[in-house]
Amino acid sequence: MTCPVTGAAPGPVPLSGPRFTTEPARLYRELRRDHGPVAPVLLDGDVPAWLVLGYRELHQVTGDPVLYSRDSELWNQWPNIPADWPLLPMIGHKQPSILYTVGERHTERAAMIAHALESVDPFELKAHAERFADELIDGFCGQGSTDIIAEYAMLLPVRVLATIYGFPDEEGPALVTALNDMINGREGALEGARHLAESMARLLADKHARPGPDVASAMLADTSGFTDTEIAEDLMVMMAAGHQPTADWIGNSLRLMLTDDRFAASLFGGRHSVAEAMNEVLWEDTPTQNVAGRWASRDTRLGGRHINAGDLVLLGLAAANADPQVRTDGSVLTGGNSAHFSFGHGEHRCPFPAQEVAEVIARTGIEVLIDRLPDLDLAVPAAELSRRPSPWLSGLTDLPVTFTPTPTAALGEPR
């Protein structure tokens, strides 16, 4: 791709800025127009990387774990990365977690996590989600207005996850703050990562002494020989990957249901429409928009670009989902099609049991909310809604709504 005026190739684009908070979909379209399916980008501190925008190219990268490795030690930019780089918690250097494990050990590790999550009773999981959803709604249902993001979506997933992982309920709020700071990759990111690590270490020490029917105890009981440090790292990954994207899945789905006439029935008891809206969000407004990443194990070519050995390749999930070669008409509902990249692809994709946990939490949270507050309505024009300034996750900063004040669940009719 070259500029029609100067004939020069467009330069790398910063993967940050206000466009991420206002119109990310349009930004990805422009990147594809100007650069093709693979675009040069800059991370904080002008650190270079490649962003894969094409559906076919992303399938190629995620389907070849040898050429495009998850081993971050391959990165050719480590000599240029300062110790206080705010994106370190999301990329990781010498981090002993499943995210950066490859080969047979990764397969064993993924099996341990899947087994631990499969031990969660789905009926208990739904009951936990309903209980916490009711408690949160009780806190604002008598007011007639609230911010769904701050008072509900950002609190519900971590409270459910903390319970099934084995945390005491009271640790949930501090975990929310730490996770948000870490994931946003700005000020407070490193401190958030430290708080999360310390919390996981305390949890494992407690479960060694007093194991229970929870995910952490199941991981400790695994016989594959993983250390406490490795299990703590994996619990951190699971907490981060399970909380924030699920919170954004709730918020983005409710935004769609409140602003798009195709889903108006969802607010009047149309449960099928809730599932449709949630699936549509995974295509149109996926919570995990970009993933860091993969590292080229040798020189190669991708989407017409020369990729050097050790280059960082970012997975542009949101851009690939909107690739016009795949979604020729974005106005048409996907009809339950799940061929999106929102949970990844290949051997490093999100484990299926983790997807099920996230879906139960998100769908239960939405259904309880619209059951309790059936006349929920957006309190501001849709154009005024804004997103967090994160290159990784796409979620609203707030979602102000109004509704008819109702009694708390303890005073009202049982659902």
With a 4.5 Å heavy-atom cut-off, do Leu53 and Val38 have their side chains touching?
no

Locate the shortest heavy-atom distance separating Leu190 from Trp85; write the atom from each residue and the value.
CD2-O, 4.1 Å

Between Met238 and Tyr165, is a side chain to side chain contact (heavy atoms under 4.5 Å, CB included) present by the stated rule, with each step listed?
CA-CA 10 Å; Met238 292 162 62; Tyr165 288 2; 3.4 Å; yes

Start with the C-alpha gap between Asp398 and Ile148, add the side-chain angles, then the distance that decides, and say whether side chain to side chain contact (heavy atoms under 4.5 Å, CB included) holds.
CA-CA 7 Å; Asp398 52 25; Ile148 290 296; over 6 Å; no

CD-OG distance between Glu230 and Ser224, expressed to the nearest 0.5 angstrom:
10.5 Å

His106, NE2: over 12 other non-hydrogen atoms inside 6.0 angstrom:
yes

Just checking Glu170: does its CD atom have more than 12 heavy atoms from other residues, nucleotides or ligands closer to it than 6.0 angstrom?
yes

Can you tell me how far apart CD1 (Ile361) and CD (Glu359) are? Round to the nearest 0.5 Å.
11.0 Å

Could you tell me whether His195 atom NE2 has more than 12 heavy atoms of other residues or ligands within 6.0 Å of it?
yes

Do you know which two heavy atoms are closest between His35 and Gly11, and how far apart they sit?
CE1-O, 3.2 Å

Phe226 six-ring face occupied by Arg105 cation (under 6.0 Å, within 45°)
yes

Check: Ser394/Asn252 side-chain N/O donor and acceptor closer than 3.5 Å:
no

Could you check Asp260 against Arg255 for salt bridge (Lys or Arg N to Asp or Glu O under 4.0 Å), going step by step and ending with a plain yes or no?
CA-CA 8 Å; Asp260 193 317; Arg255 179 202 64 79; over 6 Å; no

How about Asn279 and Glu276: does a side-chain donor come under 3.5 Å of a side-chain acceptor?
no

Do Thr163 and Phe132 have side chains that approach each other closer than 4.5 Å (heavy atoms only, starting at C-beta)?
yes

Is a side-chain donor or acceptor of Asp134 paired with a backbone partner of Ala409 at a separation under 3.5 angstrom?
no

Atom of Met236, atom of Ala193 and distance for their closest heavy-atom approach:
CE-O, 3.8 Å

For the side chain of Ser119 and the backbone of Ala116, is there at least one donor-acceptor N/O pair under 3.5 Å apart?
yes

Exam field: side chain Asp147 to backbone Leu399, donor-acceptor pair closer than 3.5 Å:
yes

Show your working on side chain to side chain contact (heavy atoms under 4.5 Å, CB included) between Phe403 and Arg372 and close with a plain yes or no.
CA-CA 10 Å; Phe403 48 86; Arg372 294 279 305 274; over 6 Å; no

Measuring only between side-chain heavy atoms, which start at C-beta, is Val357 closer than 4.5 Å to Ile164?
yes

In the structure I gave you, are the side-chain heavy atoms of His345 and Leu315 within less than 4.5 Å of one another anywhere?
no

Is Pro40 close to Arg305 at the side-chain level, that is, under 4.5 Å between some pair of heavy atoms?
yes

Strictly by modelled atom types, are Thr397 and Ser386 linked by a side-chain donor-acceptor pair under 3.5 Å?
yes

Report the distance from atom OG1 of Thr107 to atom CE of Met112, rounding to the nearest 0.5 Å.
12.5 Å

Evaluate Asp214 against Ser217 for side chain to side chain contact (heavy atoms under 4.5 Å, CB included), listing each step before the verdict.
CA-CA 6 Å; Asp214 50 66; Ser217 297; 2.8 Å; yes

Can you name the nearest heavy-atom pair linking Thr259 to Ala382, along with the distance?
CG2-CB, 3.7 Å

Any side-chain heavy-atom pair of Glu356 and Glu118 under 4.5 Å:
no

Parallel under 30°, tilted from 30 to 60°, perpendicular over 60°: which one fits the rings of Trp78 and Trp75?
perpendicular

For Leu88 and Ala83, which heavy atoms make the closest approach, and how far apart are they?
CD1-O, 3.4 Å

Does any part of the side chain of Ser297, heavy atoms only, come nearer than 4.5 Å to the side chain of Tyr68, both counted from C-beta?
no

Are the side chain of Arg294 and the backbone N or O of Thr62 linked by a donor-acceptor pair below 3.5 Å?
no

So, Arg109 side chain and Ile231 main chain: donor-acceptor pair closer than 3.5 Å or not?
no

Rounded distance [0.5 Å steps], OG1 in Thr300 versus CD1 in Ile307:
7.5 Å

Does Arg70 use its side chain to pair, donor to acceptor, with the backbone of Gly293 at less than 3.5 Å?
yes

Note: Lys126 and Thr364 closest approach over all heavy atoms is NZ-OG1, 3.5 Å

Quick one: do the Asp311 and Trp50 side chains pair a donor with an acceptor below 3.5 Å?
yes

Would you check, one step at a time, whether the test salt bridge (Lys or Arg N to Asp or Glu O under 4.0 Å) holds for Asp228 with Lys207?
CA-CA 11 Å; Asp228 279 15; Lys207 294 305 171 183; over 6 Å; no

Evaluation steps, salt bridge (Lys or Arg N to Asp or Glu O under 4.0 Å), between Arg159 and Glu135:
CA-CA 11 Å; Arg159 293 190 66 177; Glu135 287 184 12; 3.1 Å; yes

Main-chain N/O of Ala309 paired with Asn76 side-chain donor or acceptor, under 3.5 Å
yes

Is a side-chain donor or acceptor of Glu151 paired with a backbone partner of Phe140 at a separation under 3.5 angstrom?
no

Salt bridge check, Glu30 against Arg26: does any charged N sit closer than 4.0 Å to a carboxylate O?
yes

I want to check something: taking the side chain as every heavy atom from C-beta on, are Trp392 and Thr288 in contact at a cut-off of under 4.5 Å?
no

Donor on one side chain, acceptor on other, Asp206 and His208, under 3.5 Å
no

Dump the intermediate steps for ring pair (Phe, Tyr, Trp, His ring centres under 6.0 Å) on Phe341 and Tyr55, then the final yes or no.
CA-CA 8 Å; Phe341 277 109; Tyr55 189 98; 4.6 Å; yes

The reported gap from SG in Cys350 to CD in Gln355 (rounded to nearest 0.5 angstrom) is 5.0 Å

Main chain of Leu282, side chain of Ser342: is a donor-acceptor contact present, judged purely on distance under 3.5 Å?
yes

Distance-only, no hydrogens or angles: does the Thr286 side chain make a donor-acceptor pair with backbone N or O of Gln289 under 3.5 Å?
no

Flag for Asp323-Tyr28: side-chain donor and acceptor within less than 3.5 Å:
no

Euclidean distance, Ile149 CD1 relative to Ile250 CD1, rounded to 0.5 Å:
9.0 Å

